[in-house]
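Note: hydrogens, waters and symmetry copies are ignored here, and every other heavy atom, side chains too, is used. Note on naming: letters A, B, ... go to the chains in the order of the sequence lines (proteins, then strands), and numbering restarts at 1 for each one.
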There are 2 protein chains.
Amino acid sequence: MKQYIPLLSQSTLFGGLPEVQLDDILAIAAEKTMNNGEMIFFEGDPADGFYMVAAGMVKIYKLSPNGKEQILHMFGPGEPFGEVPVFAGGVFPANAEAVKNSTVLFFPRKKFVDLVSEKPYLALNMLAVLSKRLRHFTIQVENLSLKEVPARLAGYFLLLSEEQKNTRHVTLNISKGQLAGFLGTIPETLSRMLRKMSDQGLIEVEGRKIRLTDYDGLIDLADTGRLEAAEI
Amino acid sequence: MKQYIPLLSQSTLFGGLPEVQLDDILAIAAEKTMNNGEMIFFEGDPADGFYMVAAGMVKIYKLSPNGKEQILHMFGPGEPFGEVPVFAGGVFPANAEAVKNSTVLFFPRKKFVDLVSEKPYLALNMLAVLSKRLRHFTIQVENLSLKEVPARLAGYFLLLSEEQKNTRHVTLNISKGQLAGFLGTIPETLSRMLRKMSDQGLIEVEGRKIRLTDYDGLIDLADTGRLEAAEI
DNA sequence: GCAATGGCTTGACTTAGATCAAATCCCGTT
DNA sequence: AACGGGATTTGATCTAAGTCAAGCCATTGC
């Protein structure tokens, strides 16, 4: 069960606090297995608990009236999702769908609230998790409204490069279509941008493997925004 | 001091919990007065505490390299802000500026964390506040990436109309320039959209007073997206 | 081996909205 | 009442990115 630790240890801020009893928290969880593409919940569904990914991967997204999909988050093993309505009340604000065959844990709200009242450090951990998520959203809003697609894309590559230790060689963990949704654009546009960026020698694309051939150029692109037209 | 209650009572979810001692929380706060336009903190500043608006109004925003401003939040009396780094660690992810002459309370992180360990219900209240903020961001991301400016604007009017009891007659509480920043656009575009919308009889604009002349039309616009060109 | 399906790429076209520049309005001061 | 400066509006233009329509791999199943 040790693979579930991320939920509980994500914050080292309050390290002086006693160790959480993993069994306590896992005791109140119910396990569900989901197939790739299966919906976990829909926007608007009443929420009486939250989830955590045990295995696989889950995407949280919104749809526009004409079907364009904006991915808000992708969550992997150990990451909780759908907590908002548990604390704020009401309904799920977005859709959740398994993007691989996955196992998720469900935590009924009542049980969790009871538990959290007993164990304050659990609440502090949860606060840290929500705070980090809030920060991610801050960045996402900034990206969507202040940066153009190439800048967002460059930023995404740099992020990947930090996550994966191989500084110059990253591998997409999602399909390009999904990546487009995550960046707030559409597959066609993403495809063109990838092409432009490789034309300019910033990257080399081979399927899901991306070589970052001009790291500094990417950094520059990521925050100053503009992708110059290729001048031979 | 009763005007500070919103922080503590925003969640009725956990109503069974004992009443918070307002004095406890206010005891650890320091008061600052700010002039209109004065900065409270900058993006990247190290954070050792969070704030709450006591009087006036504060905007939280990001800037693009070329100066465009995206407002993330506007906070009024009783609303806490800048809590994210307190729980997630690190630095402020955006700028905070007083948009009126204002008074803010500052809560040093260490003192607050100590207090929260003693009073679990305080943490639960904080969780509720952060969760609601997270939900707002969900909506903001959706708006920015999936909806066009007229739809966002219509949505904003409908929101205002709910907040202010007068169903057909709303008053902007911020300048149009600020509103543009909040909607992720620029003043020129906002101005044109307001014009289009009044040309179509959806609203009537008179300074900061807006009459919602076609409520159903606005609802339609807010979620199906498109503003038809005015015929004739 | 060869449909066939889904993911990706490409091209031609359209459009929402940003930029630039110039009025004009509005309001608190002097 | 005249002044000055910010806020707002308007017009002309430009551009990033979305839409529509085809074609192209590349895998999976038959």
d(CE, Met193(B); C1', dT8(D)) in whole Å: 16 Å
Any chance CD of Glu206(B) has more than 12 other-residue heavy atoms, nucleotides or ligands included, within less than 6.0 Å? no
Side chain of Lys176(A) only, please: which of dG18(D), dT9(C), dA16(C) is the nearest? dT9(C)
With a cut-off of less than 4.0 Å, is there a side-chain N or O of Thr189(B) near OP1 or OP2 of dG17(C)? no
Taken to the nearest whole Å, CG/Asn143(B) to C1'/dA16(C) is 16 Å
Checking Arg109(A) against Phe50(A): charged group under 6.0 Å from the ring centre and within 45 degrees of the axis? no
Output the single nucleotide from dT9(D), dT8(D), dG17(C) whose closest atom is nearest the side chain of Ser175(B). dT8(D)
Check the distance between dG18(D)'s C1' and Gln70(A)'s CD and give it to me in whole angstrom. 15 Å
Leu153(B) CG to dA16(C) C1', straight-line distance once rounded to whole Å: 15 Å
Rounded interatomic separation in angstrom, taking NZ from Lys209(A) and P from dC8(C): 14 Å
Can you tell me which residue among Gln140(A), Gln70(A), Glu69(A), Lys68(A) is in a side-chain hydrogen bond (donor to acceptor under 3.5 Å, both in side chains) with Ser145(B)? Gln70(A)
So, does Arg192(B) get its side chain near the phosphate of dG17(C), meaning an N or O under 4.0 Å from OP1 or OP2? no
Between dG18(D) atom P and Lys147(B) atom NZ, what is the distance in whole Å? 18 Å
What's the closest nucleotide to the Glu188(A) side chain, out of dT9(D), dT10(C), dA17(D)? dT10(C)
CZ (Arg211(B)) with more than 12 external heavy atoms under 6.0 Å: no
What integer distance in Å separates Arg208(B):CZ from dT8(D):P? 7 Å
For dT10(C), take OP1 and OP2 only and decide whether either is under 4.0 Å from a side-chain N or O of Arg195(A). yes
In terms of side-chain heavy atoms of Lys68(B), which of dA18(C), dG17(C), dT10(C) is nearest? dA18(C)
Find the distance Glu148(A):CD to dT19(C):C1' and express it as a whole number of Å. 12 Å
Quick check for you: among dT19(D), dA18(C), dT9(D), whose closest atom lies nearest to any side-chain atom of Ile186(A)? dT19(D)
If the plane angle is over 60° it's perpendicular, under 30° parallel, otherwise tilted; pick one for Phe41(B) and Tyr51(B). tilted
